[in-house]
Amino acid sequence: MTLPPFEEVVRIHGPTVWRVCRALLGPVEADDAWSETFLAALRAYPQLGLDSNVEAWLVTIAHRKAIDVTRAGGRRPVPVSDPPDTVTAPAADSRDLDLVGAVASLPAKQRQAVAYHYLAGLAYADVAAILGGTPDAARRAAADGIATLRRTYPRAAPSEGEAP
């Protein structure tokens, strides 16, 4: 048995990795992190074990690339000829920008646990391996993140037993 072609891996797991990058970094830096993730994965793919969880492996790489982007952004000066009086958000498209802001406002561990479990569909054991901790801690962080979103996001659906 051999590994599937890398193009197939990108086709199958690309959307999941992009959702994770977007949740961790926002819309501006997500595309670069996605590209960097798959460039790094392409280099390492031939050594990947046949029994490896490819999705968890890619999300782990995306997690590390998101850390790199965040660190680099803090060191990179932003040249401007004439600073704007106000900052404008990117134009809205089919995504719910309020939800993007609500997820971005979560503490880092909660945001990552929500992204990895609910957006990438990883099991809590895989989330724990990426974040460093136990599956129970990953479950708790994701649950706390979802609870915060339900309280703070205006269009969140009520939990079972809650009045709409």
Side-chain angles (χ1 to χ4, degrees), residues 1-76 89-149 153 155-156:
M1 190 165 135
T2 62
L3 292 169
F6 191 73
E7 294 82 15
E8 186 176 332
V9 171
V10 173
R11 183 183 56 75
I12 292 169
H13 301 291
T16 299
V17 171
W18 191 85
R19 286 191 305 270
V20 167
C21 290
R22 182 150 164 58
L24 295 177
L25 297 169
V28 175
E29 296 172 320
D31 290 335
D32 289 340
W34 184 91
S35 298
E36 290 294 324
T37 296
F38 280 102
L39 285 173
L42 178 61
R43 286 185 214 105
Y45 188 63
Q47 289 78 37
L48 187 66
L50 293 176
D51 60 343
S52 296
N53 180 338
V54 176
E55 187 172 56
W57 175 68
L58 288 169
V59 170
T60 300
I61 295 170
H63 170 79
R64 292 179 182 144
K65 292 301 175 183
I67 290 170
D68 292 347
V69 167
T70 302
R71 286 179 182 158
R75 295 187 303 258
R76 188 178 318 123
D93 54 14
S94 63
R95 297 176 198 99
D96 186 344
L97 297 178
D98 293 338
L99 181 57
V100 170
V103 172
S105 69
L106 292 173
K109 286 274 189 194
Q110 290 179 14
R111 182 176 62 249
Q112 292 166 346
V114 167
Y116 300 152
H117 182 71
Y118 291 100
L119 298 178
L122 297 181
Y124 288 116
D126 294 328
V127 174
I130 293 169
L131 296 179
T134 65
D136 288 339
R139 181 179 286 111
R140 179 79 264 155
D144 290 347
I146 293 297
T148 298
L149 289 173
Y153 180 60
R155 290 186 291 249

### Closest non-hydrogen atom pair, Val103 against Ala23
CG1-O, 4.4 Å
### Query
Where do Pro27 and Arg22 come nearest, in terms of heavy atoms and distance?
CB-NH1, 2.7 Å
Could you list the donor-acceptor pairs under 3.5 angstrom formed by side chains in residues 35-48, with sequence neighbours left out?
from  : atom 1 : to    : atom 2 : distance (Å)
Ser35 : OG     : Asp31 : O      : 3.1
Thr37 : OG1    : Ala33 : O      : 2.7
Tyr45 : OH     : Pro4  : O      : 2.5

### Task
Report yes or no: does Trp34 contribute a side-chain atom to a donor-acceptor pair with the main-chain N or O of Gly14 at less than 3.5 Å?
yes
### Query
Can Asp144 and Arg140 be counted as an ion pair, charged N to O under 4.0 angstrom?
yes
### Query
How close do Ala138 and Ala128 get, heavy atom to heavy atom, and via which atoms?
CB-N, 4.0 Å
### Message
Using the side-chain contact (heavy atoms from CB on, under 4.5 Å) criterion, which residues pair with Asp136? Sequence neighbours excluded.
### Response
Thr134, Arg139
### Query
How long is the span from the CG atom in Leu122 to the OG1 atom in Thr16, to the nearest 0.5 Å?
8.0 Å
### Query
Just how far is it from atom CH2 of Trp57 to atom CG of Asp126, taken to the nearest 0.5 Å?
14.5 Å
### Query
Which value, rounded to the nearest 0.5 Å, describes the distance between Leu24 atom CG and Glu29 atom CD?
11.0 Å
### Query
To the nearest 0.5 Å, what is the distance between CG (Leu106) and CG (Leu149)?
4.5 Å
### Closest approach of Cys21 to Ala62 (non-hydrogen atoms, all atoms of both residues)
SG-CB, 4.0 Å
### Message
Once side-chain hydrogen bond (donor to acceptor under 3.5 Å, both in side chains) is applied, what residue pairs with a partner in residues 103-119 remain, sequence neighbours excluded?
### Response
His63-Tyr116, His117-Tyr124
### Task
Could you walk me through whether Ile12 and Val54 pass side chain to side chain contact (heavy atoms under 4.5 Å, CB included), step by step?
CA-CA 10 Å; Ile12 292 169; Val54 176; over 6 Å; no
### Message
Show, in sequence, the C-alpha distance, side-chain angles and deciding distance for Val59 and Ile130, and conclude whether the side chain to side chain contact (heavy atoms under 4.5 Å, CB included) test is met.
### Response
CA-CA 8 Å; Val59 170; Ile130 293 169; 3.5 Å; yes
#### Entry: Minimum side-chain heavy-atom gap Leu3-Leu50 below 4.5 Å
yes
